[in-house]
Amino acid sequence: QMIPQEGRFLLSNKVSVVTAGCTPEVQAIADSLIAQIQLTSGISLKTSSQENPEQPDIRFVTEEGMPKEGYKLSIAPNEITLSASHPNGFFYGVQTMYQLLPPAIYGKATVKRANWSLPAVEVEDAPRFPYRGLMLDVCRHFSTTDYIYKFIDMLAMHKMNTFHLTDDQGWRIEIKKYPKLHEVGSKRKETLIDYYFVNWPQIFDGKEHGGYYTQEEIKDIVAYAASKYITVIPEIEMPGHAIAALASYPELSCRPDTTYEVTGTWGVFEEVFCPKEETFQFLEGVLDEVMELFPSSYIHIGGDECPKDAWMKCAHCQGLIKKLGLKDDTTPNAIDGKKHTKEEKLQSYFITRMEKYLNSKGRNIIGWDEILEGGLAPNATVMSWRGVEGGITAAKAGHDAIMTPSPYAYLDQYQEEPETAPTTIGGYQTLKKTYSYNPVPDDADELVKKHIIGVQGNIWNEYMQSDERRDYQAFPRAVALAETGWTQNNRKNWNSFRSRMVEDFERMDAMNVKACRNFFDVNINTHVYDGTLKAVLETFYPDAEIRYTTDGSAPTAKSELYTQPFTWEGYIDLQAAAFKNGKMLGKVNGKKLY
Ligand code: ACM
Ligand code: ZN
């Protein structure tokens, strides 16, 4: 709830930040507010353990009984009061204060003669979901630690609390017990640079690609994230997506005499971990070190896209299936209503065994929705990616679920005209489409309402060779998912969101984030209305005019104004742009229509 009030609170060297009775964690949050204001505006707030009735104050007040991540922010012309029960709430209250200040607060440079104030307002706020995350795939392309830090800043400013790191096509975490993982598994010879199927043979860049994080680097990342109330969840993929591990230790596969290479192409590979004692010992050894590095209550064990071909041909696997008495289902399974093969049940055995190990160390597993196949491990949380069905099925069975459905939450897909945008894996999800996603429909079962604990955007890095490309794919759509994670669905509003996004782009500029700027352009689509094909033009920028030409010339502020979908005759070369106050906002987009 937000109720605007009269007046503004002026920041100046006279303002004291009062943290009487606060914990060291809350003091650190207050200190970071003071430091950020000092850095970006040059204004020096004082710290004080006492209120001074003569002077304006920013008070941090601990109040019992509020939700863990909730806060109240009361801004009056002479006083700001931020109340919360937990440090998390104080942290988010400070993020809201930043949002009420000029976007330069997000930068690193000092604004000269800053005259900064916050509007008077009463805010009472808490998130819809406890899990609000982004996944960054640092395996298909490696990201530097600098980028990881910037990415964590982006999560924090948008009040997300979970950062999930993956996965395959490169091993990225130093494991001291198994050094070949980073020595061998972190590198590949070359990388596919065009669409998977468009050229055959496929075209590669011919450049070695690799990288891994040392344990010291991981500790620093985890600590930095924690200082921003973000948990880092590691994913150690099993039994599939294991090529980097098998390239390092081929004896863990079903064909120990084979050698494997970390692939330069994407997708799913037949060779997977063989469920033998040696493999379980290896994975336990890896996870022991992973648990030392990542204090998260969750460890993600992957579980997706594991073909069963190798297990079907492997004497050990078939022997184990017999020994365990696993059989192909003849009737549909109670949880998901599907019939599962004995090899799918072997995967369930694999995951359940690893779950037992992690549970014994006080951790819980998350797996992609394929872990439903062949029976769900008893305490597993399911991450639903093949649409929403897996998450709903898991929730109905009383398991927690996190919604990361393709296409809405797959931020590796196109978000502007695929014909002219940089190459991605495929798909086309605009900012508006991503924003439209509601993880729990109003009419969902009570169990579904209870067990869907959050939402996450996934940034798979197949085609993101640079930080700029990662920024471009992730933002602004990740912001739409952040709002979906925080805001009750009946409070979400596309028009409100897009009007607030104008300033968020300025914040992202201040943070040097190269977000996709399709928001400032016009999307040209065609749709059939009442049997007639029409051109439909749309801009996401609020209250903008769309101007267009049909002769291939660049539109100006005086070109034809678009008001509604229209038909055309013959061939037109449609060119369109968004304008506000006579100025073009973004770039010209064109499409030839026949
Ligand atoms: C996935 O996209 N395979 C989780
Ligand atoms: Zn095997």
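Not measured: the values here are computed from a predicted model. First listed ligand is number 1; within each ligand, the first listed atom is number 1.
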Between [X] and [Y], a side-chain donor and acceptor under 3.5 Å:
X	Y	answer
Trp460	Gln473	no
Trp368	Glu235	yes
Asn438	Tyr408	no
Tyr260	Ser253	yes

message: Show every side chain to side chain donor-acceptor pair (under 3.5 Å) that has at least one partner inside residues 417-427, sequence neighbours left out.
response: Glu417-Lys591
Cationic tip of Arg353 above Phe280 ring, under 6.0 Å, 45° of axis: yes
message: Does Arg491, at its CZ atom, have more than 12 non-hydrogen atoms belonging to other residues, nucleotides or ligands within less than 6.0 Å?
response: no
query: Would the number of heavy atoms belonging to other residues, nucleotides or ligands and lying under 6.0 Å from CD of Glu468 be above 12?
result: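 Incorrect, the count does not exceed 12.
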- prompt: In order of chain and number, which residues sit within 4.0 Å of ligand 1 by heavy atom?
  reply: Asp304, Glu305, Trp368, Trp385, Tyr410, Trp460
Donor-acceptor list for residues 478-486 side chains, cut-off 3.5 Å, not counting sequence neighbours:
from, atom 1, to, atom 2, distance (Å)
Glu483, OE1, Arg500, NH1, 2.8
Glu483, OE1, Arg500, NH2, 3.3
Glu483, OE2, Tyr435, OH, 2.7
Glu483, OE2, Arg500, NH2, 2.8
Thr484, OG1, Ala480, O, 2.9
Thr484, OG1, Lys492, NZ, 2.7
Trp486, NE1, Asp125, OD1, 2.7
Trp486, NE1, Asp125, OD2, 3.3

query: Closer than 2.8 Å to the Zn ion (ligand 2), which protein N, O or S atoms?
result: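 Listed by chain and number, the nearby protein N, O or S atoms are Cys254 SG, Cys274 SG, Cys314 SG, Cys317 SG.
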